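Read the structure below first, then the notes.
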Amino acid sequence: LYTILPPPRDPEACSFERDRVNRLRKLAPAAALRNAAEAMARLRQVKSETELALIEKAVRASMAAHREAMKAVRPGLYEYQVAALMKYVFEREGCERPAYAPVVGSGFNSTVLHYSANTRRMEAGDVLVLDVAGEYSFYAADITRTLPVSGRFTPRQRQIYEIVLGAQKAAIAAIRPGVTVARAGPNSIHKIVVDYLNAQGKDRLGEPLGKYFIHGLSHHVGLSVHDAGPVTRPLEPGMVITVEPGIYIPEEGLGVRIEDMVLVTESGARLLTESLPREAADIERAMGRR
Ligand code: GLY
Ligand code: MN
Ligand code: MN
């Protein structure tokens, strides 16, 4: 009998799975129980048309929130005001809840991974990392844009922005069935990004930038924002992943992340977040400062 078995560690922990397994053992004492968790996680990695439609609904609502944020961001606003606006917009567009704690990090906070206090008042000259998205019918979106708070990137901010965007484009161009998102191994798109970052630009000490990319490049998205299943599995058509390179230079108070969502197709990748401004000039235009 295949079911979800409780985690093997911590046999004392009381869990939903444990209660159900105990009931199954009473109902079917002769049956051998086997774990279906891994098979289900693998099934979850390939989306059906129905699942894809729900993900796209979450993506559309979340992109609307990002567009409104681009129009609203200016010096003097607090980070939480941007978070509140974005939550309002994606919920107005049908999402039930945020897909994860919104990250609205300006200035130094742009370099802090998982920053979600969102308490700072934004200043002219800051960059602002907006990692914010909603969940629709239990399916997540996961989108990041980096904006200049004043509406125009400084030359240094723009230089770093272009490098992150170039790395992201190189990774997306390489996506096709068979590549992997794991950090190493054959056909790793993570490695493409690290090599790109190391070949472009420098920090203040003249060192390459790859060391400032301090997290994974991609993860599956679905019923969980970091969806189930092995990351080492080669990509297949129907999988939905993020592509989210970033450079975070604390000594410059400068963090840039660009996170888009991609559907793996038979021949490559379809960018689900294509209609959201991503080029530096398009972001400045969307902010109304060009
Ligand atoms: N927002 C969570 C992540 O980007 O993985
Ligand atoms: Mn992500
Ligand atoms: Mn994210």
Side-chain angles (χ1 to χ4, degrees), residues 41 44-45 47 55-56 58-67 69-70 79-80 82-83 86-87 89-91 95-106 109-118 127-136 138-147 161 164-165 167-169 171-172 175 180-183 188-190 192-194 212-231 233 235 239-248 255-264 269-274 276-278 283:
R44 277 173 60 170
Q45 286 185 311
K47 271 61 182 178
I55 290 172
E56 291 201 88
V59 166
R60 273 197 299 278
S62 303
M63 291 196 299
H66 276 269
R67 279 191 209 98
M70 288 175 192
E79 294 164 343
Y80 60 79
V82 182
M86 295 181 80
K87 280 191 279 189
V89 174
F90 64 61
E91 289 179 13
C95 287
E96 294 89 1
R97 61 189 74 81
Y100 49 88
V103 174
V104 183
S106 62
N109 297 338
S110 68
T111 70
V112 180
L113 283 193
H114 311 301
Y115 171 80
S116 59
N118 302 344
V127 288
L128 176 65
V129 169
L130 290 176
D131 188 349
V132 183
E135 183 177 297
Y136 178 76
F138 300 106
Y139 281 83
D142 189 5
I143 303 174
T144 306
R145 286 294 180 267
T146 300
L147 317 181
Y161 190 93
V164 174
L165 183 58
Q168 194 206 35
K169 286 179 179 174
I172 292 172
I175 293 175
T180 71
V181 302
R183 285 178 195 241
S188 155
I189 55 171
H190 188 104
I192 290 176
V193 162
V194 174
Y212 296 101
F213 175 40
I214 49 179
H215 53 71
L217 176 66
S218 295
H219 54 84
H220 290 257
V221 188
L223 286 168
S224 301
V225 63
H226 295 160
D227 213 8
V231 290
R233 180 179 175 189
L235 296 183
M239 291 179 169
V240 174
I241 61 167
T242 64
V243 184
E244 47 178 309
I247 291 179
Y248 313 91
V256 173
R257 174 163 66 256
I258 307 171
E259 177 172 32
D260 285 87
M261 291 173 64
V262 156
L263 168 69
V264 182
R270 177 156 78 78
L271 197 53
L272 299 177
T273 40
E274 176 142 44
L276 186 64
R278 192 163 56 117
I283 285 176

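Indexing begins at 1, ligand by ligand and atom by atom, following the structure's order. Please read these numbers as outputs of a predicted model, since none were measured by experiment.
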Per-ligand residue contacts, ligand 1, heavy-atom threshold under 4.0 Å: Tyr100, Asp131, Asp142, His219, His226, Glu244, Glu259
Ionic contact status for Asp227 with Lys47, cut-off 4.0 Å: yes
Minimum heavy-atom distance Pro98-Glu91, with the two atoms named: CD-OE2, 3.9 Å
Salt bridge (Lys or Arg N to Asp or Glu O under 4.0 Å) against Arg233, all qualifying residues, sequence neighbours excluded: Glu236
Side-chain (Ser110) to main-chain (Gly105) donor-acceptor, under 3.5 angstrom: no
Val221 side chain near Thr242 side chain, heavy-atom distance below 4.5 Å: yes
His219 near the Mn ion (ligand 2) via N/O/S, less than 2.8 Å: yes
Ring centers of His226, Tyr100 separated by less than 6.0 Å: no
Which residues share a salt bridge (Lys or Arg N to Asp or Glu O under 4.0 Å) with Glu79, sequence neighbours left out: none
Reference residue Leu130; test side-chain contact (heavy atoms from CB on, under 4.5 Å); the match among Thr144, Leu147, Thr146, Ile143: Leu147
Minimal non-hydrogen separation, Arg44 against Leu223, with atom names: NH2-CB, 3.6 Å
The Mn ion (ligand 3) - number of protein N/O/S atoms closer than 2.8 Å: 4
Non-hydrogen atoms of Arg278 and Leu271 that approach each other most closely: NH2-CD2, 3.6 Å
